[in-house]
Amino acid sequence: MSWQLAAFAILFAGLAGGFAWYERTRPDARIVALVATLAAFAALGRIAFAAIPNVKPTTDIVLISGYAVGAAPGFVVGALAALTSNFFFGQGPWTPWQMAGWGATGLIGAALAIGFPRRIGRWTLALVCTVVGFGFTAFQDFGDWVTYSDHSVAQLGVYVGKGLGFDAIHAAGCLVFALAFGPALVRSIGRFTTRIQVTWRTATPLVVLAVLAGGAGTHAVAARAGSSPAGYLLSAQNSDGGFGGAPGQPSSQLFSGWAALGLAADGYNPRDVRRGSSSLVDYLTAASAASDPGSIERTILVAAAAGMSPASFGGRDLVSVLERDVGSDGSVSDQTNLTAFAVLALRAAGVSPRSRTLHWLVRQEDRDGGFNFATAGGASDADDTGAVLEALAGSQPSVTRRAVGFLERHQDLDGGFAASGGPGSNAQSTAWAVQGLLASGVHGAPVRRALSYLDSLIAPDGHVRYSRSSDQTPVWVTAEAAMALAEKPLPLAAVRVRPPRPSVRVRTSTSHRNPGHHFDRRKTVGRHRRATAAAAPSHLSMTLASDAGILDALALAPLGIG
């Protein structure tokens with residue numbers, strides 16, 4: 001009985017930690033909805049494989065949830081998945097043990113993120129899932145011993161011995177599932193959480209005055225929010241020279257790199273973009289120690305746009321580092337998106353990509369003519385199709401023609417493009433589609449309609465909304481949209497360094513049709529007054545969405561849907 005109480009203590013301690021996390025952080029309702037959705041996904045995964053004894057993807061899903069979202073959410077995903085799925089399998093004294101075991105699995109996933117903060121390899125993740133999967137079922141054997149035996153050591157050996165075969169089967173299933181979808185699920189959840197983890201702060205008059213004072217005497221930096229995407233980006237720069245996901249957010253290499261490219265497309269050399277004594281290039285140089293391929297590729301593109309040598313950026317030869325990331329088959333990490341950007345980065349550095357890399361990229365075309373982020377056979381999307389078209393730059397006419405056809409078929413009625421399987425158009429997918437079309441020599445109606453859609457998302461302060469119903473990570477979204485609005489596909493040509501000026505230069509706006517000339521101020525104001533400024537979803541609607549996610553898990557389990 002004492003052991004049973006211990007299991008309940010573990011379970012309730014974990015759930016209490018989850019509630020404490022919620023009360024302390026008051027997370028965005030979309031994070032709550034994500035946790036509920038992941039729990040439903042884990043529960044339905046268990047139900048879907050009910051016919052195969054002990055082979056379930058639930059352990060993998062819970063561990064990856066903890067890795068991508070954090071300890072408290074990971075525990076809640078595991079505990080909730082066990083509880084809701086047992087409405088199908090049956091509740092009993094085993095339920096708290098399963099809730100505690102899968103909750104602990106979420107905690108292990110969060111601990112794994114400490115050792116692998118940026119990216120974890122497919123096999124490393126699969127091996128961890130295998131070990132944790134075996135440990136989870138061994139923990140259930142221990143729970144059966146506590147619940148049904150006389151608690152003798154001999155009986156413990158009997159329960160563990162009888163369960164070893166089933167434990168091994170579950171571990172093998174975890175290995176297979178992790179190899180099949182592990183990295184893809186990590187990236188999907190990671191991209192979602194990165195996008196919505198933005199905190200908006202209201203600037204006080206003192207803060208505004210401080211920004212104005214700090215900007216005095218600097219070059220090519222807007223001291224207030226401009227009415228164009230470039231003006232907004234300039235005003236969002238932090239004192240360390242970098243950019244966060246939104247004004248006031250801590251700087252990161254990801255957001256700073258895209259901001260540099262967005263501003264370079266609009267005619268600003270990243271070396272000129274500074275806040276006080278720190279320039280954007282200063283920040284990126286200090287952050288150039290990042291070693292993942294995506295960061296290396298983005299930094300090479302920025303260095304080239306700034307007229308600097310990627311072979312000696314921040315004391316590192318980024319070109320050599322990237323070339324070492326290219327595998328023997330020509331791909332980068334066996335991913336289409338990373339390989340496409342490797343081609344763009346090498347081209348920006350003046351290095352001709354190897355033919356095997358281009359051939360590998362061409363072979364990843366899906367049957368519908370588009371491309372997805374991984375390898376051929378997935379669901380094509382506008383983002384990755386546009387990136388591949390930029391990389392190919394019309395060098396493969398038949399492949400280019402089919403990919404352009406895919407984009408034209410999937411353009412929404414409003415002129416924008418949606419993410420793979422996503423509801424409605426969004427600015428980033430539209431921007432990458434525009435970039436790909438322009439790189440392929442397409443300048444007709446599809447591009448005009450897409451640019452018009454992007455124009456409609458420009459808010460009065462110059463930032464670009466993610467969509468007509470959502471506004472998130474404004475620096476990231478605005479930077480990527482700025483490249484499309486300037487009609488400049490990657491890689492960008494080096495931007496001329498501007499001579500020092502004696503005072504602050506506030507750039508009001510630039511025309512995306514002719515980036516070298518300024519709009520008339522009156523026309524600019526009129527255009528932005530006409531721009532669509534749809535409100536973001538209300539707190540009530542997002543709360544209802546999160547509640548719906550939890551109810552899904554509770555309702556679908558007893559129905560056996562999966």
Side-chain angles (χ1 to χ4, degrees), residues 6-25 27 30-46 56-86 94-117 120 124-140 142-143 170-171 173-175 177-178 181-190 192-193 197 546 549-550 552-554 557:
F8 276 99
I10 294 172
L11 173 61
F12 285 114
L15 292 176
F19 285 117
W21 159 78
Y22 180 84
E23 288 297 322
R24 184 179 69 257
T25 62
R30 288 168 291 187
I31 283 287
V32 179
L34 173 64
V35 170
T37 301
L38 289 171
F41 182 38
L44 292 175
R46 185 184 180 200
K56 308 287 182 287
T58 306
T59 302
D60 291 6
I61 296 170
V62 173
L63 186 140
I64 291 170
S65 298
Y67 177 85
V69 186
F75 190 98
V76 173
V77 168
L80 190 57
L83 176 65
T84 54
S85 60
N86 276 351
W94 51 85
T95 297
W97 289 93
Q98 291 171 338
M99 293 176 69
W102 269 322
T105 299
L107 297 179
I108 293 172
L112 185 63
I114 299 174
F116 299 89
I120 186 170
T124 302
L125 177 63
L127 291 175
V128 172
C129 287
T130 303
V131 173
V132 174
F134 187 90
F136 168 79
T137 47
F139 183 67
Q140 303 312 307
F142 179 79
H170 183 72
C174 291
L175 174 67
F177 286 122
F181 67 76
L185 184 58
V186 169
R187 286 191 297 273
S188 297
I189 300 174
F192 183 87
T193 53
Q197 285 174 347
S546 66
I550 297 174
D552 281 346
L554 293 172

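This one's a predicted model, so the numbers in the text were calculated from it and none came from an experiment.
Of all heavy-atom pairs spanning C129 and L63, the tightest one is SG-CD2, 4.0 Å. Between T58 and A81 the shortest heavy-atom distance is CG2-CB, 4.4 Å. When every heavy atom of P73 is checked against every heavy atom of V35, the shortest pair comes out as CB-CG2, 3.7 Å. Residues C174 and T59 come closest through the heavy atom pair SG-CB, 3.8 Å. Shortest non-hydrogen contact noted between A43 and T84 is CB-OG1, 3.4 Å. R46 and A82 get closest at one heavy-atom pair: NH1-O, 4.0 Å.
For the ring-ring contact (aromatic ring centres under 6.0 Å, His included) with W102, the qualifying choice from F136, F75, F139 is F136, the only one to do so.
In terms of modelled atom types and a separation under 3.5 Å, the side chain of Q98 and the main chain of Q140 share no donor-acceptor contact. Judged by distance alone, with hydrogens and angles left aside, the side-chain atoms of T95 form no donor-acceptor pair with the main-chain N or O of L83 at under 3.5 Å.
Residues D60 and F181 are in side-chain contact: their nearest non-hydrogen atoms beyond the backbone lie under 4.5 Å apart.
Atom CG of L44 sits about 9.0 Å away from atom CD1 of I61, to the nearest 0.5 Å. Between the CH2 atom in W94 and the CG atom in N86 there is a gap of 8.0 Å [rounded to 0.5 Å]. In this structure, L175 CG and L125 CG are separated by 10.0 Å, a value rounded to the nearest 0.5 Å. Rounded to the nearest 0.5 Å, atoms CD1 (I64) and OG1 (T105) are 12.0 Å apart.
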Practice task
Carefully, step by step, assess V77 and V69 under the rule side-chain contact (heavy atoms from CB on, under 4.5 Å).
Solution key: CA-CA 10 Å; V77 168; V69 186; over 6 Å; no
